[in-house]
There are 2 protein chains.
Amino acid sequence: MPVNRKASGKRAVVIKALAHSSRLLIAEALMEGEMCVCDLRDLVGADMSTVSKHLSLMREAGVLSCEKRGLNIYYRLACDCLGDFLRCVDQIAPGKKCAAKSCC
Amino acid sequence: MPVNRKASGKRAVVIKALAHSSRLLIAEALMEGEMCVCDLRDLVGADMSTVSKHLSLMREAGVLSCEKRGLNIYYRLACDCLGDFLRCVDQIAPGKKCAAKSCC
DNA sequence: CATCTATTTGGCTAAATGACCAAATAGATG
DNA sequence: CATCTATTTGGTCATTTAGCCAAATAGATG
């Protein structure tokens, strides 16, 4: 595994695309299958324009792809590894231990 | 996989802890083994206080743990699944396709 | 106990991000 | 071709985040 800035930066773009609770909520929902923007707006409960910007960001990071059919644009996960990704995240239980300096 | 806000928020905290190129660089370096703060400062090339704040954030998110030995504090990964996590990230190649609206 | 060293904390400023509204666009439909 | 609908884009404002410096702290060492 390389320790260099350029690679980390590239990876960070992808990770950032999932590092927001609304965006993560979207990604989790899309694990069940594609959804159109208006469905995702209902899910997230924010302004359509806000949701659209989240989707663009995720699309540009490579996390999502989309396709227009009829009046709607359907978004889906671009990669099926999200489950593995989240399994790791869930192992990292938000920290009881070492949360204060007292532990060190 | 649940689609609910509270769980997503918890996960997002962990993901955010890795969603910054300096912090990711730190995590990648720690895959090779523990390091003290001053080594990490050299790695990142930022002010010690800046690095220390990154480390606190990662520690509070549960990503890192630390231990004092002698004069130094050594940080290490709290979870060994980071490789799996990054394998997924690397699958999501920052997006050639669908980067502009033309694709939809 | 005085001092020295590694690290953290507080304060501040600059930059990035997220939210909403209003306006623009693209494509479907009458 | 005029209109309607779903989505995106641009603008603006408020909040959060990241960085540095200076000062505080904790623990090791003389």
Side-chain angles (χ1 to χ4, degrees), chain A residues 5 8-9 12-27 30 34-61 63-76 95 98-104, chain B residues 5 8-9 12-27 30 34-61 63-76 95 98-104:
Chain A
R5 232 191 214 69
S8 301
V13 169
V14 174
I15 300 174
K16 272 182 201 164
L18 294 163
H20 182 283
S21 59
S22 297
R23 292 197 293 267
L24 187 56
L25 194 63
I26 289 170
L30 294 179
E34 63 179 20
M35 297 176 79
C36 71
V37 182
C38 51
D39 290 337
L40 293 169
R41 176 205 47 193
D42 295 343
L43 174 78
V44 168
D47 194 87
M48 174 84 99
S49 67
T50 300
V51 174
S52 175
K53 280 172 186 171
H54 282 312
L55 293 170
S56 297
L57 189 152
M58 295 171 85
R59 184 159 41 82
E60 277 169 42
V63 174
L64 302 184
S65 65
C66 62
E67 181 189 359
K68 180 156 199 172
R69 280 202 315 277
L71 274 179
N72 301 306
I73 297 183
Y74 292 88
Y75 278 85
R76 74 173 71 89
C98 228
K101 69 181 167 186
S102 53
C103 94
C104 296
Chain B
R5 232 191 212 69
S8 300
V13 169
V14 174
I15 300 174
K16 271 183 199 158
L18 293 163
H20 181 283
S21 57
S22 297
R23 291 197 292 267
L24 187 56
L25 195 62
I26 289 170
L30 294 180
E34 62 179 19
M35 296 176 80
C36 70
V37 182
C38 53
D39 290 337
L40 292 168
R41 176 205 49 193
D42 294 343
L43 175 78
V44 168
D47 194 87
M48 175 84 101
S49 68
T50 300
V51 173
S52 176
K53 279 171 186 172
H54 282 310
L55 292 170
S56 296
L57 188 152
M58 295 171 85
R59 185 160 38 83
E60 276 168 42
V63 173
L64 301 185
S65 64
C66 61
E67 180 189 358
K68 182 155 197 171
R69 280 204 314 279
L71 274 179
N72 301 305
I73 297 182
Y74 291 88
Y75 277 84
R76 74 173 70 90
C98 228
K101 69 180 168 187
S102 53
C103 93
C104 296

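Both backbone and side-chain heavy atoms feed into the values below; hydrogens, waters and symmetry mates do not. Here is the naming used below: chain letters follow the sequence lines, and residue numbers restart at 1 for every chain.
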| query | Under the 6.0 Å and 45° cation-pi test, does R59(A) pair with Y75(A)? | reply | no

| How long is the line joining CG of L24(A) and P of dG18(C), in whole Å? | 13 Å

| What does R41(B) touch in the nucleic acid at a heavy-atom separation under 4.0 angstrom: a base, only the sugar-phosphate, or nothing? | nothing

| request: Could you tell me the separation between the CG atom of L40(A) and the C1' atom of dT7(D), rounded to a whole number of Å? | output: 12 Å

| Rounded to whole angstrom units, what separation is found between the CD1 atom of I73(B) and the P atom of dT25(D)? | 16 Å

| said: Please report the distance, rounded to the nearest Å, between CD in E34(B) and C1' in dT7(C). | reply: 16 Å

| request: With DNA chain C as reference, determine whether C36(B) or K16(A) sits nearer its 5' end, using the nearest nucleotide of each. | output: C36(B)

Please list, one pair per line, the donor and acceptor atoms closer than 3.5 Å that link side chains of residues 18-25 of chain B to other protein atoms, with sequence neighbours excluded.
from: H20(B); atom 1: ND1; to: S22(B); atom 2: N; distance (Å): 3.0
from: R23(B); atom 1: NE; to: A17(B); atom 2: O; distance (Å): 3.1
from: R23(B); atom 1: NH1; to: H54(B); atom 2: ND1; distance (Å): 3.1
from: R23(B); atom 1: NH2; to: K16(B); atom 2: O; distance (Å): 3.0

| said: Quick check on DNA chain C: between L55(B) and L57(A), whose nearest nucleotide comes earlier from the 5' end? | reply: L55(B)

| query | Rounded to the nearest 0.5 Å, what separation is found between the CG atom of N72(A) and the CE atom of M35(A)? | reply | 11.5 Å

| said: Any heavy-atom pair between the side chains of V63(A) and V14(A) that's under 4.5 Å? | reply: yes

| message | For DNA chain C, which residues of residues 46-53 of chain B approach it to below 4.0 angstrom with any heavy atom? | response | M48(B), S49(B), S52(B), K53(B)

| message | Whole angstroms only, please: what is the CD-P distance between E67(A) and dT7(D)? | response | 13 Å

| Side-chain N or O of H20(B) less than 4.0 angstrom from OP1 or OP2 on dG19(D)? | yes

| field | Atom-pair distance (NZ on K68(A); C1' on dT5(D)), nearest Å | value | 9 Å

| message | Using OP1 and OP2 only, check whether a side-chain N or O of H54(B) sits under 4.0 Å from dT17(D). | response | no

| task | For dA28(D), take OP1 and OP2 only and decide whether either is under 4.0 Å from a side-chain N or O of R69(B). | result | no

| remark: Taken to the nearest whole Å, CE/M58(A) to C1'/dT7(D) is 17 Å

| Rounded to whole angstrom units, what separation is found between the CG atom of L64(A) and the P atom of dT7(D)? | 14 Å

| If you take all heavy atoms of D47(A) and R41(A), which pair is closest and at what distance? | C-CG, 4.5 Å

| field | Residue-phosphate contact under 4.0 Å: N72(B) side-chain N/O, dT7(C) OP1/OP2 | value | yes

| remark: Here the gap from I26(B) atom CD1 to L55(B) atom CG, rounded to the nearest 0.5 Å, amounts to 5.0 Å

| message | Rounded at 0.5 Å granularity, tell me how far CD in E34(A) sits from CG in L40(A). | response | 10.5 Å

| remark: For DNA chain D, consecutive-pair runs of 3 or more (Watson-Crick or G-U wobble, both H-bond-type distances under 3.5 Å) give C:1-30 with D:1-30

| Side chain to side chain, R76(A) and L30(A), heavy atoms closer than 4.5 Å | no

| field | Short side-chain N/O contact from Y75(B) to OP1 or OP2 of dT8(C), under 4.0 Å | value | yes

| Which listed nucleotide (dT8(C), dT7(C), dA19(C)) is nearest to the side chain of C38(B)? | dT7(C)

